[in-house]
Structure formats: C-alpha cells, structure tokens
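Have a look at the structure below before the remarks.
Everything quoted here is computed from the prediction, not taken from an experiment. Both ligands and their constituent atoms are indexed starting at 1 by order of listing.
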Amino acid sequence: MSGFEIEMAGAYGMCFGVRDAVAAVEELAGREAVTVLGELVHNEVVLDRMKRLGAQTGSLGAPGAGTREVVVTAHGASDADKERWAGRGHRVTDTTCPLVRKAHTALAQLVAGGCAPVVIGKAGHVEVNGLVGDFPGARVVLSEREVEALPFAAKIGVVSQTTQPIERVEALVAALRRRHPEAEVIFKDTVCQPTKRRQEAMDQLCVRVEFVLVVGGANSNNSWQLVEKARRLGCRAERVARPEEVKEHWFYGCRTVGVTAGTSTLREAVEEVVGRLEEIGGRRRGAVAGRKSEVAGSEVGKEVAA
Ligand code: SF4
C-alpha cells in the first residue's frame, strides 16, 4: 500500500486521575493482597498489568472480597458503598479522581439547595452509579427523549458524567429548559478538563486528517466518544487497544491518519500502535509547535486545578 502521514492529536492519552489510581494500586499490590472493586480503568492493557501484579478484581456490589485491602476506582463510588465496605472490616483505599469528587460535591450542593437532581450520563456506568448512589431520587438522562420525560420541579439541579462531550451536555440542558420553562434549572459543568481537551484536540485534528485511530479500551466511554466525534466531523474512525488489532485495509487510499487515545490509555500502548502504523506505511509528521502530550504528564498541574 502507498504511504500515509501520521499526525498525533494535540492532547491524548492517560489523564492524571487514572495515572494516580494505577500508581496507587501498583504500590499497594507490591505490599499486600488487594482487591480492586470494579475495573480500575476501562483498558485491557492496564488491567493485564494489574493482574500480573497480583491485584484481584471484585465488585462494589459483591457481598465481600478475599482480601482485607479493597480499592475504590478512579470512577468513584457512593458514600453508602464505601461505608458498607468499611463496615465489613475492609480497609478501603479510595482512588476516586478529584474531578469525579468535584461532580459528587456539586450534586450534593444542588440537592442541599432544594434541587431535584439530574445527571447527564450513561445509566449503569460505574461513575454514574457512584454519583446517584447517595441520591435515590436522582434521574439519569442521555437523550432528548429522556429529558422530555423528566417531571416538573420548581428547582432542577444538573451535573454531568465527567467524560460526556460538553456539546451534548449543553444541548440537553437547553432541552430541559425548553421542556420546563417555568422551572429554575441550575447547571454545574462537571465535564472534566482532560476530556474537554481531548475533544477540542479532535476538532483540530479532524480538519487535517481523513482517518482517526483511537487507542483505548473496548469498555472505555471516553474512547468511544472520541470515535463518535471523529465520525460526526466527517472522518473515518476506528478504535483499537493493541497493535495487533490494527487492520491494514482501513488505510487503503488514505493519505493522512490522526492518532489519539482515551484517558485510560498508557503511553506505551499508543507508541506500540503508532509503531504498527509505521510498519504498514505510516510516517510521523513533525511535531506541531506548542503541542503537549498529556500522557507525559506535562499538564498535570493544570488538570488538577481545572
Ligand atoms: S477522565 Fe477526567 S474525571 Fe475521569 S479520571 Fe480522568 S481526569 Fe478524572
């Protein structure tokens, strides 16, 4: 096949929240037996690494775990769940990302202020379960149809899952205001900065490339959001977790390929996939001035502060 150019997105890959959670479990697993309550990150490559370290995987909803030490993942959990595990005699290490905590705090403040709580997010996703777990009356919506079905309340408080595209969240908040014009709708933007940066970088990337390859886990919500966004912007797009999943025929006739990665993807995984692209005819474009890979942690301070 003829060659193609490879362009990296302006921001991609593992965010500080996931990286810190992975580091905490690596450190713990090196000292004692540990059970992670759920998928530490939605990325097969990272999960394999945790398994090799001896970290066991359990479930937040399970009646118990085989180790005293248990870990709440970066996606967070309700206070009720954390208290239940501590009450059973487990030592709970909480690796909830500070930006997920921010969403929990925002929702709690809205409820304390008398709002009916609404979460824009994927029903059943572990982060969303954690958000609504302490507020049984909270409603979860992700489409205009679901917004239409929301009952009237004089005050409605809205937050979102941290990894939702901000355009979708704002569109649903606008739909809610149209649905109940007489209600006071208070919206707290809890989409995290790393997600926003990766989505914005995708806007810029899709102007310059024909095909976008997203490196990320099959269960990674934000990786699929990147695929969907690239397609909406007119690019062909696919997701892979490992180099062996790359299909050469995807790139026939393609002159420019953009590469990005979800917030749970290791730098090494991105490099391996780019290496595979080079084997089948890809050439990296020169670095664009001012570009920073967040994989390298160069913007961690900004992300925490965001
Ligand atoms: S995607 Fe955002 S909220 Fe989730 S762990 Fe990363 S920084 Fe935190």
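- V273 has its side chain within reach of L213: a pair of non-hydrogen atoms, C-beta onward, lies under 4.5 Å apart.
- Metal site remark for atom 8 (Fe) of ligand 1: C97 contributes an N, O or S atom at a distance under 2.8 Å.
- Numbered from 1 in the order shown, with element, the atoms of ligand 1 that lie under 4.0 Å from a heavy atom of P194 read 7 (S).
- Interatomic distance, L99 CG to H104 NE2, rounded to the nearest 0.5 Å: 11.5 Å.
- Cluster membership for V159 and V191, using ILVMFWY side-chain heavy atoms within less than 4.5 angstrom, is not shared.
- Ligand-side atoms of ligand 1 in range of T162: 3 (S), 4 (Fe), range being under 4.0 angstrom from any heavy atom.
- Looking only at distances, no side-chain donor or acceptor of E148 sits under 3.5 Å from a matching main-chain atom of E144.
- Near V100, meaning under 4.0 Å from one of its heavy atoms, ligand 1 places the atoms 3 (S).
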Exercise for the section: May I have the step-by-step check of salt bridge (charged side-chain N to carboxylate O under 4.0 Å, His left out) for E278 and R284, ending in yes or no? Expected result: CA-CA 8 Å; E278 288 174 326; R284 290 187 207 226; 3.0 Å; yes
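- Each of the atoms 1 (S), 2 (Fe), 3 (S), 7 (S) of ligand 1 lies under 4.0 Å from some heavy atom of C192.
- When A74, G76, C15, P98 are ranked by how near their heavy atoms come to atom 6 (Fe) of ligand 1, first place goes to C15.
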